[in-house]
Amino acid sequence: MWWRSASFVLDKRRNEDVQAESDSLRLSPSTTSMADTVQNPNPKVSAYYETRAAHHAVVTSDWLAQAQAAVGQHPDDLPSPKVDDSGKPFSVIDEFNCWRKQPDLAEAVAAIRALASVIRSSQATTMMELEIELKKASDSLKLWDTTSISLTAGCDLFLRYVTRTSALEYENFNSAKSRLIERAERFGEISYKARRIIAMLGQDFIFDGCTILVHGFSRVVLEVLKTAAQNKKLFRVFCTEGRPDRTGLRLSNELAKLDVPVKLLIDSAVAYTMDEVDMVFVGADGVVESGGIINMMGTYQIALVAHSMNKPVYVAAESYKFARLYPLDQKDMAPALRPIDFGVPIPSKVEVETSARDYTPPQYLTLLFTDLGVLTPSVVSDELIQLYL
């Protein structure tokens, strides 16, 4: 029901805590923020991203810590955008486009990096001015693509995380701004490493001789399979074509470069081949409050077929894709339209469905692999509350 959704719980909790919080600030000007009172056992990983998986008995915290440690030892450094010495005024959209030129960087992470640059380049003299500037920059990025769930969620989470710092904690504005920059950089670094953490967590679920069905192109799913191939695991992959944009062709090409046995399927052949499949791996455009996912068109019907044949459906998604949305049906979300080429002329009187994504309810998903841990769909709402507090 709607009154059990994460959004409703969050709004109710905020309303109940507003008076208590304001009284606390008046009584003690040195009050620390909620995020800073959390004891973080691993100083290299923000308390904001510490897993609650042990509580849910899905995966131990040690397992997540091992994945995070392995990622921390990765030889690749974080990418850096090119510095613009032209002297023109700072533009968050230009900075965002500069980060987007890196092929392996997710759109949401590019937005997070651009927002961090807003703080560094800001000429604000008070916390209120800086927060207003950040909000305007975030709104500009959201308008860049109003249908992108991960872009909107990434901007919202960035603002929630970074602005948790209270100006009352520091003697002057410059100290508070330095703290914001530190938090912004930490958030960007963790978001950038999320894909590798997920890849490490997924390895125990891929066994020798298994057959994996994937749908469309997902960077995080590719990272999971790439890591498995590097670990010398023997498996084969069935790739759907992924209409309307045929992104499955791109994924099959990438897997072929890794010498992974891959078979390309037309989308309508999923049920025909499902008896050969051991598991389904898909990415997500967004993870919603119910524990379901919004992903490219065809994910829902694949999950239905897999569920009917008792095949597990695994979702690989970074936590910055967790969105405060609660779709009730397929039409209860902003449409993302894509042109479709049927190869032949279509009469003007024929209506064509051009929506490029669908909603998969949580009952058809088995587990979600995230940088917060391995979660069941039923605990996603709890994680959303923690993320947006």
Side-chain angles (χ1 to χ4, degrees), residues 1-10 53 56-59 147-150 152-153 198 202 205 212-216 218 220-221 224 240 242-244 247 267-268 270-271 274 277-338 353-370 372-388:
M1 295 295 181
W2 62 270
W3 58 83
R4 297 175 58 190
S5 73
S7 291
F8 181 81
V9 174
L10 280 169
H56 301 307
V58 177
V59 58
T147 65
S148 177
I149 298 173
S150 62
T152 299
I198 295 169
F205 292 81
I212 304 171
L213 174 67
V214 297
H215 182 55
S218 166
V220 66
V221 171
V224 171
T240 60
R243 296 283 295 234
T247 50
D267 293 339
S268 54
V270 168
M274 188 60 74
V277 172
D278 295 297
M279 67 192 75
V280 177
F281 250 108
V282 295
D285 290 344
V287 180
V288 298
E289 295 180 21
S290 63
I293 63 169
I294 297 173
N295 196 38
M296 74 170 297
M297 184 64 70
T299 303
Y300 182 31
Q301 61 192 28
I302 291 175
L304 283 171
V305 173
H307 181 75
S308 68
M309 300 180 70
N310 295 318
K311 308 290 184 179
V313 179
Y314 300 136
V315 180
E318 302 91 331
S319 59
Y320 55 72
K321 294 181 178 178
F322 282 36
R324 293 185 63 182
L325 299 173
Y326 205 107
L328 300 178
D329 55 37
Q330 298 298 326
K331 305 300 187 292
D332 194 19
M333 54 187 176
L337 307 179
R338 297 289 187 275
E353 176 61 64
T354 57
S355 180
R357 62 190 183 194
D358 58 25
Y359 165 62
T360 303
Q363 61 265 32
Y364 302 113
L365 306 176
T366 307
L367 291 173
L368 289 91
F369 295 85
T370 77
L372 302 174
V374 183
L375 310 175
T376 59
S378 61
V379 302
V380 168
S381 185
D382 290 341
E383 292 296 338
L384 268 162
I385 291 176
Q386 296 299 316
L387 288 174
Y388 281 95

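This one's a predicted model, so the numbers in the text were calculated from it and none came from an experiment. Heads up: numbering here begins at 1 and tracks the sequence.
Inter-residue side-chain proximity for Thr370 and Val287 is flagged as unmet; no heavy-atom pair is nearer than 4.5 Å. Counting heavy atoms from C-beta on, the side chains of His307 and Val313 never come closer than 4.5 Å. Taking 4.5 Å as the limit, every side-chain heavy atom of Val280 sits out of range of all side-chain heavy atoms of Ile212. Ile149 places none of its side-chain heavy atoms less than 4.5 Å from the side chain of Lys321. Counting heavy atoms from C-beta on, the side chains of His215 and Asp267 come closer than 4.5 Å.
In plain terms, the two heavy atoms of Glu318 and Val220 that are nearest each other are OE2-CB, 4.0 Å. Between Met296 and Gly242, the shortest heavy-atom distance links the atoms CE-O, 3.6 Å. When all heavy atoms of Val315 and Ala284 are compared, the closest pair comes out as CG1-CB, 4.1 Å.
Between the OG atom in Ser378 and the CG atom in Leu368 there is a gap of 10.0 Å [rounded to 0.5 Å]. Note that CD1 of Ile198 is 7.5 Å distant from OG of Ser319, once rounded to the nearest 0.5 Å. How far OG of Ser308 is from CE of Met274: 7.5 Å, rounded to the nearest 0.5 Å.
Remark: Pro362 pairs with Ser290, Tyr359, Pro377 by the side chain to side chain contact (heavy atoms under 4.5 Å, CB included) rule, at least two apart or across chains. Legend: residues meeting side chain to side chain contact (heavy atoms under 4.5 Å, CB included) with Asn310, ordered by chain and number and at least two apart, are absent.
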**Q.** ring-ring contact (aromatic ring centres under 6.0 Å, His included) evaluation trace for Phe281 with Phe205
**A.** CA-CA 11 Å; Phe281 250 108; Phe205 292 81; 8.2 Å; no
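Put simply, the side chain of Asp358 never gets that close to the backbone of Met297: no donor and acceptor are under 3.5 Å apart.
Residues in residues 294-306 take part in these side chain to side chain donor-acceptor pair (under 3.5 Å) pairs, two or more places apart or across chains: Asn295-Thr299.
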